[in-house]
Number of protein chains: 2
Amino acid sequence: MPSPRITLDRTSPVPLYFQVAEQLERAILGGEIEAGQRLENEIAMAQELGLSRPTMRQAIQVLVDKGMLVRRRGVGTQVVRGQVRRNVELTSLFDDLSAAGQKPSTRVLSLERIDAPLDVSEELQLAAGAPVWSLRRLRMIGEQPLALMHNFLPADVVQLGDVDLDSIGLYAYLRDAGFVIRVARQSISARRVGPDETHLLAEDIDSPLLTMQRTAFDNSGRAIEFGRHAYRPELYSFDMTLVDR
Amino acid sequence: MPSPRITLDRTSPVPLYFQVAEQLERAILGGEIEAGQRLENEIAMAQELGLSRPTMRQAIQVLVDKGMLVRRRGVGTQVVRGQVRRNVELTSLFDDLSAAGQKPSTRVLSLERIDAPLDVSEELQLAAGAPVWSLRRLRMIGEQPLALMHNFLPADVVQLGDVDLDSIGLYAYLRDAGFVIRVARQSISARRVGPDETHLLAEDIDSPLLTMQRTAFDNSGRAIEFGRHAYRPELYSFDMTLVDR
DNA sequence: GAGTGGTCTAGACCACCTC
DNA sequence: AGGTGGTCTAGACCACTCA
């Protein structure tokens, strides 16, 4: 039975369940606990760490939600086989790429204040024709164009006039400006490249594009951003883990 | 302050937190609680229902995880604006379409027992060349071809010889056979249609296809199924809700 | 029958937000 | 200052699995 060494710091502001989850995750990723192997039972682990059982359960639940552990009543908790796939998360493409050690760059193609078209005002839960920012950007990875991004943000809510979006991701800016994105609804599909996009994405005519459209909401449940994006599928994919709950 | 009428059945095998979550969800979807509105606080709701606070919290957490509610410390719990998007879930395409009231049909193109190619054996965590089922199916929606699906399943684990896959979804069969799919890792991208697929999916040459590849694991963490699928993007998209945790 | 996770209780203290 | 959600405790009983 594997028992990774876990240390707790009760003076830390980091919750105990999170400290345990972090160290357990490292132990699994680092191979200290083998794939398919069973963990000690919750009660014993809690006792050894001097935690209550609910706290220990909460820690394990974090990794169950990530798809790294599987629990079965009457049996125990096991490590899922197969390598972990990094998830689609609530970050922008810019953050994604930066975290992956790549060097993304951005070219702002246009930024204007317009009256929201009907579909946009609906997605953002605004009155028809309400003022919105329309932002078109081209994301490059090195010298290669990767994605064409078109975002809409309610102009009454977000000040976007004097932001240097060439050097900062949109989500990073929103975070700095105090907007906490909590929920996003997105839809992924594909289409043929359009005639006006062909030169930007350096594709030949008829090339396939991966498309994503997303509406993001802040922690008060208000729509903050709606975007329609197109990616070169040879260079990008959406990876995710689904967990049955 | 909205207070939907919630009734509990303590004799039911359905957990109390789940009963509450279900009725709260119905109240939100049915418009009894308006978008953007705040819920009563956890402690009051728990008291009114005769529940402990942790149980009430667990109920609310279910809807937070679905992206329907947002919690803020010091403020309260609010309903997220914007319509709910049905999630990508751990079901097969067949189940998805059936649930949506559509009439899917399936044509099994081929089913053979083969030695696993290297990439397949790696995805399924098998030894190279281990026996696997190779299953190719065409999914139709009415008269229109919708998706071309290619699945691989470890032959030592799953008996697939005499299953009528024309009339039952693969996941429904696996469920009936006692396999509980708990976790799946998937990747979504796009590509150009291949020359051998063009006639099946009734696309002209150069048409874009939406692609999904998925590895599914059962509740013991063992890989059960690996699939590479291609969808006609005019007819299908992957919808999902992301929640920051 | 023994061992496991799933649910539930009744409290406690704290961090954060708004007024 | 008062109210909210976030965390944590120390138990309890139950359902399920497996030998």
Side-chain angles (χ1 to χ4, degrees), chain A residues 1-2 8-22 24 37-65 69-80 178-180 182 218-221 243-245, chain B residues 1-2 8-22 24 37-65 69-80 178-180 182 218-221 243-245:
Chain A
M1 194 68 72
L8 297 178
D9 176 4
R10 284 186 179 266
T11 68
S12 162
V14 178
L16 294 173
Y17 79 89
F18 196 82
Q19 294 184 35
V20 176
E22 264 187 323
L24 219 43
Q37 204 165 10
R38 250 184 57 202
L39 255 53
E40 236 180 330
N41 75 61
E42 305 177 340
I43 297 172
M45 292 182 75
Q47 214 161 30
E48 284 164 23
L49 293 172
L51 293 174
S52 69
R53 188 183 164 207
T55 302
M56 193 62 225
R57 271 184 71 77
Q58 197 177 359
I60 293 174
Q61 188 62 43
V62 172
L63 301 187
V64 171
D65 287 342
L69 295 178
V70 177
R71 285 201 270 221
R72 275 186 295 169
R73 187 180 339 207
V75 178
T77 303
Q78 280 173 291
V79 179
V80 174
F179 295 101
V180 181
R182 263 303 149 69
D218 72 0
N219 60 3
S220 73
V243 179
D244 192 21
R245 323 194 67 224
Chain B
M1 194 68 72
L8 297 178
D9 177 4
R10 284 187 178 265
T11 69
S12 162
V14 178
L16 294 173
Y17 79 88
F18 197 82
Q19 294 184 35
V20 175
E22 264 186 324
L24 219 44
Q37 205 164 10
R38 250 186 57 203
L39 257 52
E40 237 179 329
N41 74 62
E42 305 176 341
I43 297 173
M45 293 182 75
Q47 213 160 31
E48 284 164 24
L49 293 172
L51 292 173
S52 68
R53 187 184 164 205
T55 302
M56 192 64 226
R57 270 184 71 77
Q58 198 177 358
I60 292 174
Q61 189 61 43
V62 172
L63 301 187
V64 171
D65 288 341
L69 295 178
V70 177
R71 286 200 270 219
R72 273 186 296 169
R73 185 178 345 201
V75 178
T77 304
Q78 280 173 293
V79 178
V80 174
F179 295 100
V180 181
R182 263 302 151 70
D218 71 1
N219 59 5
S220 72
V243 179
D244 191 20
R245 319 195 70 225

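We name chains A, B, ... by the order of the sequence lines, and we start the count at 1 in each one.
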Kindly say whether B:Asn219 contributes a backbone atom to a donor-acceptor pair with the side chain of A:Arg72 at under 3.5 angstrom? yes
Keeping the roles fixed (side chain from A:Gln19, backbone from A:Val14), state whether a donor-acceptor pair exists under 3.5 Å. yes
Can you see if the side chain of [X] gets near the phosphate of [N] - specifically, an N or O under 4.0 Å from OP1 or OP2?
| X | N | result |
| --- | --- | --- |
| B:Ser52 | C:dG11 | no |
| A:Arg71 | C:dG6 | yes |
| B:Thr77 | D:dG5 | yes |
| A:Tyr17 | D:dC8 | no |

For B:Ser52 against B:Ala46, the heavy-atom pair lying closest together: O-CB, 3.9 Å
Atom [atom1] of [X] and atom [atom2] of [N]: how far apart are they, to the nearest Å?
| X | N | atom1 | atom2 | result |
| --- | --- | --- | --- | --- |
| B:Met56 | C:dT7 | CE | P | 16 Å |
| A:Arg57 | D:dC14 | CZ | P | 17 Å |
| A:Arg73 | D:dA15 | CZ | C1' | 5 Å |
| A:Leu69 | C:dG6 | CG | P | 12 Å |
| B:Gln47 | D:dG5 | CD | P | 14 Å |
| A:Asn219 | D:dG5 | CG | C1' | 13 Å |
| B:Ile43 | C:dA12 | CD1 | P | 12 Å |
| A:Asp244 | C:dG6 | CG | P | 13 Å |

Counting side-chain heavy atoms from CB outward, which of [options] is closest to [X]?
| X | options | result |
| --- | --- | --- |
| B:Pro54 | D:dG5, C:dA10, C:dG5 | C:dA10 |
| B:Asn41 | C:dC8, D:dT4, C:dT4 | D:dT4 |
| B:Leu51 | C:dT9, C:dG5, D:dG5 | C:dT9 |
| A:Arg38 | C:dG5, C:dT4, C:dC8 | C:dT4 |

Measuring only between side-chain heavy atoms, which start at C-beta, is B:Met56 closer than 4.5 Å to B:Glu48? no
Taking side chain as C-beta onward, heavy atoms only, is B:Val70 less than 4.5 Å from B:Thr77? no
Answer with yes or no whether B:Arg53 presents, from its side chain, a donor or acceptor under 3.5 Å of a partner atom in the base of D:dG6. yes
